[in-house]
Amino acid sequence: MSVTNNARGIAEGVAFRAPATALRVRGLSDRAVGWLFILPTMLLLLAINIFPLIWAIRLSFTGLMANLPTPARFIGIDNYVDILTDEDIWANFQITAHFVFWTIALQVLVGLGLALLINQKFRGHSFWTTVILLPMMLSPAVVGNFWTLPFQPQIGPFNYLIGFFTGAAPSSFTMIGSVNLAPWTIVLVNTWMWTPYVMLICLAGLRSIPDYIYEAAEVDRASPMGQFVSITLPMVLPFLMLAVLFQAIQSFVMFDLVNLLTSGGPGSTTELVSISLKRAAFEKWETGYASALAVILFVTIFGAANIYVKALNKVKQQ
Amino acid sequence: MSAVQPPRPFSEPSPLVRWLAGAVVILYAIVTILPLVWIRATAFKSQEDAIAYPPKVFFKPTLEGFVDLFTVQTHQSHDFIAKLPPPQTWYERIARDREVGSSRPAIMRRVVVLPQPDGPSRQKNSPFSTIKFESLTATKSPKDLCRD
């Protein structure tokens with residue numbers, strides 16, 4: 001037995017070593033081959049991720065306007081001072097916070113609820129899960145574009161239905177054009193689109209809870225409510241928090257959907273930070289200023305995400 | 001450890017709970033899918049049906065939206081179209097039918113001629129040229145169909 005094992009070990013060793021020696025003949029060490037495989041990815045990442053980031057940080061200290069031929073002039077931290085003392089930008093951050101908070105709240109509420117219901121495994125639950133997932137599979141640009149049709153005050157079916165059920169005239173309100181409603185419209189559409197995502201992750205979490213824990217709880221006469229609070233919730237929480245992290249980042253930098261749906265209007269009531277960033281960069285052409293805003297946005301998200309991940313790890317360890 | 005799984009008498013939800021859960025999930029799925037179904041249906045509506053009020057649930061499906069999207073059409077006078085030979089292809093017929101045969105006000109009447117010798121060219125024709133909603137600050141009446 002040990003002889004055969006030895007023989008196999010030798011055979012394996014040979015089999016593993018053979019390609020390496022073959023390459024070494026051509027003058028490449030294992031390490032070099034490894035580098036050769038990683039290099040294209042690293043170069044690509046450097047070129048399209050790292051380099052623009054560093055370039056933007058550099059530009060953020062200049063007063064460059066990309067549509068003017070004048071060279072960039074170094075102006076120190078003036079851009080940052082301008083942004084942080086600008087009340088409009090703070091208003092935009094407030095709008096973004098409103099958007100992120102309500103999006104996440106609704107998504108978690110509806111997503112977790114749906115996941116719990118689907119986990120009851122009623123007949124045909126997998127088919128309806130697929131149906132619910134459909135909005136998530138669309139491109140945000142498509143979603144932003146087509147939702148303008150239901151919200152059309154004169155002919156939109158959404159307005160018609162609301163009017164039908166409440167008795168109000170359908171053209172008496174505009175979801176996209178009204179100052180009061182527009183911030184809620186973007187929350188509604190974003191929730192419609194991304195609730196399935198939260199639901200999916202929660203469902204994965206629920207499925208990962210082994211049945212025997214519930215059985216043990218049953219034996220110990222734990223009430224259904226008690227089971228939910230002390231088994232289901234703690235075991236789903238890491239998954240839920242992960243979904244919240246993804247969705248928070250995604251909503252914080254949300255651009256495409258909202259830009260196509262309301263493009264920041266009416267006035268600037270739905271102007272998320274990313275939209276004011278685009279306005280500064282490609283409408284006012286204040287490239288330096290926009291770069292500074294982008295850096296601030298990046299640092300905010302990066303910092304918040306890091307703190308959050310630390311909390312997540314703590315929850316996971318429990 | 002037994003090979004046969006126990007029937008799990010404990011954590012199994014009751015039929016009523018199961019039924020209720022199913023009803024709620026199916027209701028949500030239908031509500032969430034409605035906008036998608038509506039958009040898909042609008043693709044097969046005629047221009048009049050697409051902007052009809054109240055919104056039409058039942059309608060006669062047509063391919064004119066797709067004909068608009070994939071062919072290049074030019075506006076011609078009514079006399080010009082009358083002199084043309086009968087339409088050669090199905091898409092030509094759709095395009096002419098709706099522009100000549102529709103009962104819209106006279107100023108709205110437009111005649112469409114597809115390019116004659118080579119059939120549709122590959123020129124880009126914006127799909128949103130007919131209906132473009134601008135409901136941000138200024139509202140445009142949706143019945144205002146004048147193109148160009």
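Convention: sequence-line order gives letters A, B, ...; per-chain numbering from 1.
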**Request:** Could you tell me whether A:Glu283 atom CD has more than 12 heavy atoms of other residues or ligands within 6.0 Å of it?
**Result:** yes

**Message:** Report, in residue-number order, which members of residues 125-134 of chain A are under 4.5 Å from chain B by heavy-atom distance.
**Reply:** A:Trp128, A:Val131, A:Ile132, A:Leu134

**Prompt:** Do B:Pro55 and A:Ile155 have side-chain heavy atoms sitting under 4.5 Å apart?
**Reply:** no

**Asked** Which region of A:Leu116, side chain (C-beta onward) or backbone (N, CA, C, O), has a non-hydrogen atom less than 4.5 Å from a non-hydrogen atom of chain B, or is it both or neither?
**Response** neither

**Prompt:** Got B:Pro35 and A:Trp192 here, is their nearest side-chain heavy-atom distance under 4.5 Å?
**Reply:** yes

**Asked** When you look at CE of A:Met137, are more than 12 heavy atoms from neighbouring residues, nucleotides or ligands closer to it than 6.0 Å?
**Response** yes

**Request:** Rounded to the nearest 0.5 Å, what's the gap from CH2 on B:Trp38 to CG on A:Leu149? Could you check?
**Result:** 8.5 Å

**Request:** Write down the atom of B:Arg18, the atom of A:Gln120, and the distance for their closest heavy-atom approach.
**Result:** NE-O, 3.3 Å

**A:Arg207 atom CZ: more than 12 heavy-atom contacts under 6.0 Å** = yes

**Message:** Once rounded to the nearest 0.5 Å, what's the spacing between atom CG of B:Leu36 and atom CZ of A:Phe146?
**Reply:** 4.5 Å

**Item:** Region of A:Val143 in contact with chain B, defined by heavy-atom distances below 4.5 Å
**Value:** neither

**From OH (B:Tyr28) to CE (A:Met199), nearest 0.5 Å** = 8.5 Å

